[in-house]
Structures are given as C-alpha cells and as structure tokens.
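These numbers come from a predicted model, not from an experiment. Numbers here simply count residues along the sequence, with the first being 1.
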Amino acid sequence: MDSDYGAFLEKFILAPPPPSSASPHPLPLDGLTFAVKDIFDVEGHMTGFGNPDWARTHTTAKSTAPAVLAILRAGATCVGKTVMDEMAFSINGENIHYGTPRNPCAPDRVPGGSSSGSAVAVGAKLVDLALGTDTGGSTRVPPSFCGILGFRPSHGLVSVVGVIPMSQSFDTVGWCARDPSILKQVGRALLPLPDMETASPSKIIIADDCFRLLTIPIDRVKQPLVKSVEKLFGGHVIENMNFGDYVKENVPSLMHFMDKGGPGLEYNIPSLAALSTAMRTRQKYEFKNNHGEWVASVNPDLGPGIAERAWESIRMTYENIDLCQSVKTEFHAALCSLLGEFDVLAIPTVHGPPPRLQTETKSLETFRARAFSLLSIAGVSGFCQATIPLGMHENLPVSVSLLAKHSSDRFLLNLVETVYGTIKEQASIAEDTNY
C-alpha cells in the first residue's frame, strides 16, 4: 500500500509495438506509462471484475481489448491492472477483498469508484494516464475525488469489446490524466473522429440550479470557471439557466419517475432525481441480464452496498422498463436542442467532497442519490463530459465538469486544454480567498 497506494491489483509490462520505419513522426503517447482497470481483457491475464469469486469462476483472457491496444499503438507502455469496485457497481472506491486504493489528495476519504485504482495511480503519479470505464460516473467521480482530469466520451464512440459489460445503454471506456495535453492525446488514439482545431465555445451554459446542490460554497466551484471564460473568451458567451426546469418541460416521460422518494430527494432537483431513477432502473435491468444468472448460481461474496444492489437488481420485475428508453430518447433530443456543436453545459461533477472511508451504508446511499442527479446528465444523454480539478477546499479536492454534444469530444478536449491553465490560476486565487 505504501509504495503504490494500493492502486494495483497486478503489475506487468506490456510494451508498445516497435515503431514503423515508414513513420518519421514520434507516436503521440511515446514514453508514457498507463494502467488499466480490472475490467479490460489483457491477453494471458485474468479479468477479475473486482471480485475474487469472479476470477475463480472465469478463465484468463484470450485477447486484449481494442481500447488497450489503441493506447499501446500510440506508444504508451502498460504497467498493470488496477483495483476497482466489485462488478463496477459503486462510485465509492472501496473494495473489501483487495483493499481500498488510498486517495492521494485525502487519505482518510474514499478515492471514488468504480475506476478507483486507475484514478489513484494517476493522482499519485505512478502512471501518466489510465483507462477506466464509466457507466454511472466511474471516470468522473474518481478523478474529481483524486484531483485529476477525467473524461467520459460520447456513448458508443470508443470500442467496449473486451470489456466486461455492466449496462450497455450507458457503458463507456473513459480515461484520466494529470496533464490536459495527455488527456487530449488519449482521445486522439481512441476516438474515431476527425481532427478538430476549434477550442472556442459559442456559449457556455451555467446550470445555476445544479450549482445550488453544492455542499461547499458555490463560488468556490463556479467562479474559477466563470472568470476563466470571461478572460479567455469574453463574458458574452456565458448564459445562465435553471436546467431542471428545462428538463421537466422537455422530457415528458420523466413524470413516471417523479416523486418516488428515496434517499437524498429532499436536497435534490426533482426532474434530475427522476432522471437518475430512470437511469439506475435501466442499469439494474441490464446488469440482471448480463450477470444475474452468475450471481444467483455462484452467490459471490460481495461487499456492503454492492451486495444489496446486485440482489435488488436480480429480484426487481421491471414492469416499466420501456419508459426508461423513452426518457433516454427524449432527454437526448432535449440536450441536442439545447447545445449546438460548440456549446458547453457547465455543472459540478458531484455535489460535495469525497465521503470518509468506511462511512455507513445509509449515508453513502444518500450521497449516491444526490451525486447521480448530476452524473445522469451525461449518462442518459450519451454526451461527453470532462472533469476539471479546482484544487482544494478545506483540504478536500473539488472539481467542475463541462459537457458537450455527442461526437463533439475532440472540441471538448481542445477546450479543456485551452482553459486548464487559466482555471488552475483562478482556482488557486479562490483557494487563497477561502470562499
């Protein structure tokens, strides 16, 4: 744990292929190191899905996931597999079997999950970049909690072949890095999109009601972004809106998921709480289809919270599952109407700092409910989202997120690279000002 922060499940060296003599240009990730979450197939290695019973009942991988091969071909060296939450069914980052990777920013706090080890390995400077997956928030929450950059690409763009599925309607291959230029180069290696030079937004929409969900001072998160945008692009590109009202008016199928109660609802935006409910219902349905038979037959040893969610997924009956798809279709259309090709929606990544280690399950469920109201925006729309660190508030990491239209990933990565330095300066000022 001391030497690698408990981030790695297995260490090995997987070197990139020899460079072609026909190409005189250096490879974009040449000389860099990366790690992969224990959900990706690597030929000859076990894909353990975060659980020893899964590893015990499966065989080693016969081939390597295309996403991993793409990073190798771009010149990076893979140095191992990282710890993850069991069956990718948590955003906390705690694993009772393999240990919880130590948060390099706040050792007494969770690192975030389920791509916990990947984010910790990057945050602790053990690797230059790492691959994770993001179904509900797993390459956004861990980077936010570990003070690094994270990226969830547009749904369906990056190959998920050779990646254990959690919920195919939302599964993506994401990545994290400390350096925005590396974050961008990983995108060039993985995204089947043409190069794009544009980095200037037509407008940046500030979702004011989403920022009001924060449990820390709003200006500590909002002002570094606003001041950076004003400095780089001018204040005229900033618009403010109540995002929840827009969602309520434009996604009629959400009415079937409104006022369902549950933890954290009293601190939430009703339409986004309903969006989260629809997403998590569909996620559980697909988890059951993917893994219900294995869970029922093996009865695996699963940790607190994860066991309850897994068994609830298997026992639910899903009478209204088609409504979840209606919500997804309507919400995607609503966001397409709201955001043009070079427009951005700004929200907090999560509503508060990382919870303490070994927080009791009920409190964590309340945290999850509030967090998923924000995380479900990219999840249900399929849009891309970048997580940008904003330094520390009261010795705990904070971040902000930018979302862009489906397939505008290259633009969003360019924008992050452009604004990162200025946002870092403004975040430092905000930190010193102690909002």
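- A cation-pi geometry, defined here as NZ or CZ lying under 6.0 Å from the six-membered ring centre and within 45° of its normal, does not hold between Lys284 and Phe287.
- No donor-acceptor contact under 3.5 angstrom links the side chains of Ser167 and Gln283, judged on distance only.
- Of all heavy-atom pairs spanning Leu272 and Ser376, the tightest one is O-OG, 4.1 Å.
- Ser399 and Thr349 share a side-chain donor-acceptor pair at under 3.5 Å.
- Judged purely by distance below 3.5 Å, without hydrogens or angles, the side chains of Glu417 and Ser181 never pair a donor atom with an acceptor atom.
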Discussion item. Could you go through Leu149 and Arg178, starting from their C-alpha distance and side-chain angles, then the distance that decides it, and tell me whether this counts as side-chain contact (heavy atoms from CB on, under 4.5 Å)?
Written reply: CA-CA 6 Å; Leu149 293 155; Arg178 295 183 304 277; over 6 Å; no
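- Of the candidates Thr135, Thr387, Asp134, Thr139, Asp134 is the only one forming a side chain to side chain donor-acceptor pair (under 3.5 Å) with Arg152.
- Atoms CG and CD1, on Leu225 and Ile204 in that order, are 6.0 Å from each other to the nearest 0.5 Å.
- Side-chain contact check for Ser138 versus Lys37: some heavy-atom pair is nearer than 4.5 Å.
- A donor-acceptor contact shorter than 3.5 Å is absent between the side chain of Asn320 and the backbone of Leu323.
- With respect to the salt-bridge test (charged N to carboxylate O, under 4.0 angstrom), the residues Lys405 and Glu341 do not qualify.
- Scanning all heavy atoms of the two residues, the minimum distance from Ser408 to Ser154 falls at N-OG, 4.4 Å.
- By the 30° and 60° cut-offs, the orientation of the rings of His351 relative to Phe367 is tilted.
- Between the side chains of Thr47 and Asp41, at least one donor-acceptor pair of N or O atoms lies under 3.5 Å.
- Comment: Lys362 does not engage Glu365 in a salt bridge, judged by the lack of any side-chain N to carboxylate O separation of less than 4.0 angstrom.
- At a threshold of 4.0 Å, the pair Lys81-Glu10 does not count as salt-bridged, since none of the basic side-chain nitrogens sits closer than that to a carboxylate oxygen.
- Atom CG of residue Leu32 and atom CG of residue Leu27 lie 10.5 Å apart, to the nearest 0.5 angstrom.
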Worksheet item: Which is it for Val344 and Leu339 under the side-chain contact (heavy atoms from CB on, under 4.5 Å) test, yes or no, and what are the steps along the way?
Response: CA-CA 7 Å; Val344 169; Leu339 298 179; 6.0 Å; no
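- Of the candidates Ser90, Ser115, Ser114, Ser90 is the only one forming a side chain to side chain donor-acceptor pair (under 3.5 Å) with Asp85.
- Asn242 and Arg212 form a side-chain donor-acceptor contact under 3.5 Å, judged by distance and modelled atom types alone.
- Residues in residues 190-232 take part in no ring pair (Phe, Tyr, Trp, His ring centres under 6.0 Å) pair, two or more places apart or across chains.
- A distance-only check finds a donor-acceptor pair linking the side chain of Asn414 to the backbone of Met196 [under 3.5 Å].
- Using a cutoff of 4.0 Å between basic side-chain nitrogens and carboxylate oxygens, Glu312 and Lys288 are not scored as salt-bridged.
- Ionic pairing of Glu197 and Arg410 is not present here: no N-O contact between side-chain nitrogen and carboxylate oxygen is shorter than 4.0 angstrom.
- Side chain to side chain, Ser228 and Gln426 fail the donor-acceptor criterion of an N or O pair below 3.5 Å.
- Applying the ring pair (Phe, Tyr, Trp, His ring centres under 6.0 Å) rule to pairs touching residues 143-174 yields Phe151-Trp175, sequence neighbours excluded.
- For the residue pair Ser428/Glu431, the side-chain donor-acceptor check at 3.5 Å is not satisfied.
- Put simply, NE2 on His291 and CD1 on Ile164 are 7.0 Å apart, with the number rounded to the nearest 0.5 Å.
- In the model, Ser313 has no side-chain atom that pairs as donor or acceptor with a side-chain atom of Arg309 under 3.5 Å.
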Worksheet entry | side-chain contact (heavy atoms from CB on, under 4.5 Å) between Val186 and Ile71, worked out | CA-CA 7 Å; Val186 176; Ile71 302 301; 3.8 Å; yes
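- With rounding to the nearest 0.5 angstrom, the NZ atom of Lys227 is 13.5 Å from the CD atom of Glu425.
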Worksheet item: Do Val42 and Val36 pass the side-chain contact (heavy atoms from CB on, under 4.5 Å) test, and can you show the C-alpha distance, the side-chain angles, and the key distance before you say yes or no?
Response: CA-CA 9 Å; Val42 175; Val36 298; 4.2 Å; yes
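- For the residue pair Asn290 / Gln168, a side-chain donor-acceptor distance below 3.5 Å is found, with atom types taken as modelled.
- A pairwise comparison of heavy atoms in Cys384 and Asp409 identifies CB-OD2, 3.5 Å as the closest pair.
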